[in-house]
Amino acid sequence: VLAVTGMTCGGCVNSVQKVLTALPGVQSVEVTLSPGQARVVVDAARIDRAALVQAIVNAGFSVAG
């Protein structure tokens, strides 16, 4: 679970979900606006937390913690 900040609407939720779903090794994604978080199921052998965070940052949002 990643705490995502900067999301203000459903479009933001869709953007975060889209960038995470496109990553190799991501099996499922559930993004919620309130609280701002992304629940991501991944194949740990194919992707790590840093890559997930970077994708969110590249989309214009931030990850707390």
Hey, are the side chains of [X] and [Y] touching, using non-hydrogen atoms and a 4.5 Å cut-off?
| X | Y | answer |
| --- | --- | --- |
| Met7 | Val13 | yes |
| Ser15 | Cys12 | no |
| Thr5 | Phe61 | no |
| Arg39 | Val29 | no |
| Val42 | Arg46 | no |

* **Non-neighbouring partners of Ala3 that pass side chain to side chain contact (heavy atoms under 4.5 Å, CB included), sequence neighbours left out** => Ala64
Drop me the distance from [X]'s [atom1] to [Y]'s [atom2], to the nearest 0.5 angstrom.
| X | Y | atom1 | atom2 | value |
| --- | --- | --- | --- | --- |
| Leu2 | Ser62 | CG | OG | 12.5 Å |
| Asp48 | Gln54 | CG | CD | 11.0 Å |
| Glu30 | Gln37 | CD | CD | 8.0 Å |

* Structure fact -> Partner of Leu52 under side-chain contact (heavy atoms from CB on, under 4.5 Å), picked from Val63, Leu23, Val19, is Leu23
* Which atom of Val31 lies closest to which atom of Ala38, heavy atoms considered -> CG2-CB, 4.1 Å
